[in-house]
*Asks:* 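Following this message is one structure expressed as C-alpha cells.
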Amino acid sequence: MLSNRRIQELELVMEFEKVEECFKEVSSWIENVGKKGLKEMINLDDSLEMLLQTQKQFREFDLVASEYCKRGQEALKRMDRWEDFSSVDVQAYKAKLQTYREQLEDFCTQLDENRHRVCETVRLYEFFDKVREGVCCSDEEAAL
C-alpha cells in the first residue's frame with residue numbers, strides 16, 4: 001500500500017510539472033497584462049460617449065481575461081486530487097498550487113467586480129441622460 005501511495009504521489013508530481021506550464025503562462029499574463037488592464041479601468045470617464053468607448057475596450061479585455069481565468073481554473077481542477085496527499089515531498093507542490101490558486105481567484109474576483117462596475121456605471125449614465133433629456137423637453141414645452 002505504501003508503495004502504491006508513493007507511486008501515486010510521483011504521478012501527481014509529474015502531472016503537476018505538465019500543468020505548471022499552464023499556471024506559469026496564466027500567472028505571467030495576469031501579472032504583465034491583466035493587472036495593468038484592470039488598473040486602466042479604475043477611472044471611468046465623465047461622459048456617456050467616453051464611458052461607452054471604455055466599456056467596449058473593457059469587453060475586449062474581458063474576453064481575453066476570462067479565457068485566461070478559465071484556463072487557470074481548469075488547470076487547478078486537474079490538480080484537485082492533491083488535497084488527499086500529505087507527504088513532505090508533495091508539500092512544496094501544494095504550496096505552489098495554493099499560490100497560483102490565490103492569484104487566480106484574486107484576479108478573477110477583480111475582473112468580476114470591474115465588469116459589474118463598468119456595466120452599472122454605463123447604466124447610470126444612460127439613465128441620467130434620459131432624465132436630462134426629459135427635463136430639457138419639459139422646460140421647452142413649458143416655455144411654449
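Since this is a predicted model, take the numbers as computed values, not measurements. Note that these values count all heavy atoms, side chains included, but never hydrogens, waters or copies made by symmetry.
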*Asks:* Step by step, work out the side chain to side chain contact (heavy atoms under 4.5 Å, CB included) result for Leu48 and Phe128.
*Replies:* CA-CA 9 Å; Leu48 179 59; Phe128 284 135; over 6 Å; no
*Asks:* Can Ile30 and Tyr68 be said to form a side chain to side chain contact (heavy atoms under 4.5 Å, CB included), step by step?
*Replies:* CA-CA 8 Å; Ile30 287 172; Tyr68 276 96; 5.6 Å; no
*Asks:* Quick test of your reading of the model: are Glu31 and Lys35 salt-bridged, counting only N-O distances below 4.0 Å?
*Replies:* yes
*Asks:* Is it true that Glu49 and Gln53 share a donor-acceptor pair across their side chains at a distance under 3.5 Å?
*Replies:* no
*Asks:* Give the C-alpha distance, both sets of side-chain angles, the deciding distance and a yes or no for side chain to side chain contact (heavy atoms under 4.5 Å, CB included) between Cys22 and Glu74.
*Replies:* CA-CA 10 Å; Cys22 178; Glu74 288 171 356; over 6 Å; no
*Asks:* Using 30° and 60° as the class boundaries, would you call the ring planes of Tyr100 and Phe23 parallel, tilted or perpendicular?
*Replies:* parallel
*Asks:* With the 4.5 Å side-chain cut-off for hydrophobic clustering, are Met50 and Val118 part of the same group?
*Replies:*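 In one cluster with Met50: Val118, no.
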*Asks:* Are Leu10 and Leu12 linked, directly or through other ILVMFWY residues, by side chains that come within less than 4.5 angstrom of each other?
*Replies:*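 No, Leu10 and Leu12 fall in different hydrophobic clusters.
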*Asks:* With side chains defined as the heavy atoms from C-beta onward, is the minimum distance between Gln57 and Glu40 less than 4.5 Å?
*Replies:*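 Sidechains of Glu40 and Gln57: no contact.
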*Asks:* Rounded to the nearest 0.5 Å, how far apart are CZ of Phe61 and CZ of Arg115?
*Replies:*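 Phe61 CZ to Arg115 CZ: 10.0 Å, rounded to 0.5 Å.
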*Asks:* Mind listing the closest non-hydrogen atom pair of Gly72 and Leu104 along with its distance?
*Replies:*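 Minimum heavy-atom contact is C-CD2, 3.3 Å.
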*Asks:* First locate atom NZ of Lys96, then atom CE of Met79, and finally report the distance between them rounded to the nearest 0.5 Å.
*Replies:*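 Between atom NZ of Lys96 and atom CE of Met79 there are 11.0 Å.
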*Asks:* Could you go step by step and tell me if Glu120 and Arg123 meet the salt bridge (charged side-chain N to carboxylate O under 4.0 Å, His left out) rule?
*Replies:* CA-CA 5 Å; Glu120 289 302 310; Arg123 287 180 45 191; 3.2 Å; yes
*Asks:* Do Leu63 and Leu111 land in one hydrophobic cluster if side-chain heavy atoms of ILVMFWY residues count as linked below 4.5 Å?
*Replies:* no
*Asks:* Looking only at heavy atoms, what is the nearest atom pair of Cys69 and Phe107, with distance?
*Replies:*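 Nearest pair, atom of Cys69 first, then Phe107: SG-CD2, 3.7 Å.
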*Asks:* Any heavy-atom pair between the side chains of Val26 and Gln103 that's under 4.5 Å?
*Replies:*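 No; the side chains remain at least 4.5 Å from each other.
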*Asks:* Quick one: CG on Leu124 to SG on Cys119, what's the gap to the nearest 0.5 Å?
*Replies:* 11.5 Å
*Asks:* Under 3.5 Å, side chain of Asp62 to main-chain N/O of Phe58, donor-acceptor pair present?
*Replies:*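 Checking the backbone N and O of Phe58 against the side chain of Asp62, no donor-acceptor pair under 3.5 Å is found.
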*Asks:* Do Glu11 and Ile7 have side-chain heavy atoms sitting under 4.5 Å apart?
*Replies:* yes
*Asks:* Please round to the nearest 0.5 Å and tell me the distance separating atom CD of Glu17 and atom CE of Met14.
*Replies:* 8.5 Å
*Asks:* Closer than 3.5 angstrom, by distance alone: can the side chain of Arg117 be matched with the main-chain N or O of Met41 as a donor-acceptor pair?
*Replies:*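 Yes; at least one donor-acceptor contact below 3.5 Å.
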*Asks:* Given Arg59 and Gln55, is the side chain to side chain contact (heavy atoms under 4.5 Å, CB included) satisfied, shown in steps?
*Replies:* CA-CA 6 Å; Arg59 284 182 177 157; Gln55 183 183 38; 3.1 Å; yes
*Asks:* Is there a donor-acceptor contact under 3.5 Å linking the side chains of Asn114 and Gln110?
*Replies:*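 Their side chains do not contain a donor-acceptor pair, so the 3.5 Å distance test is not met.
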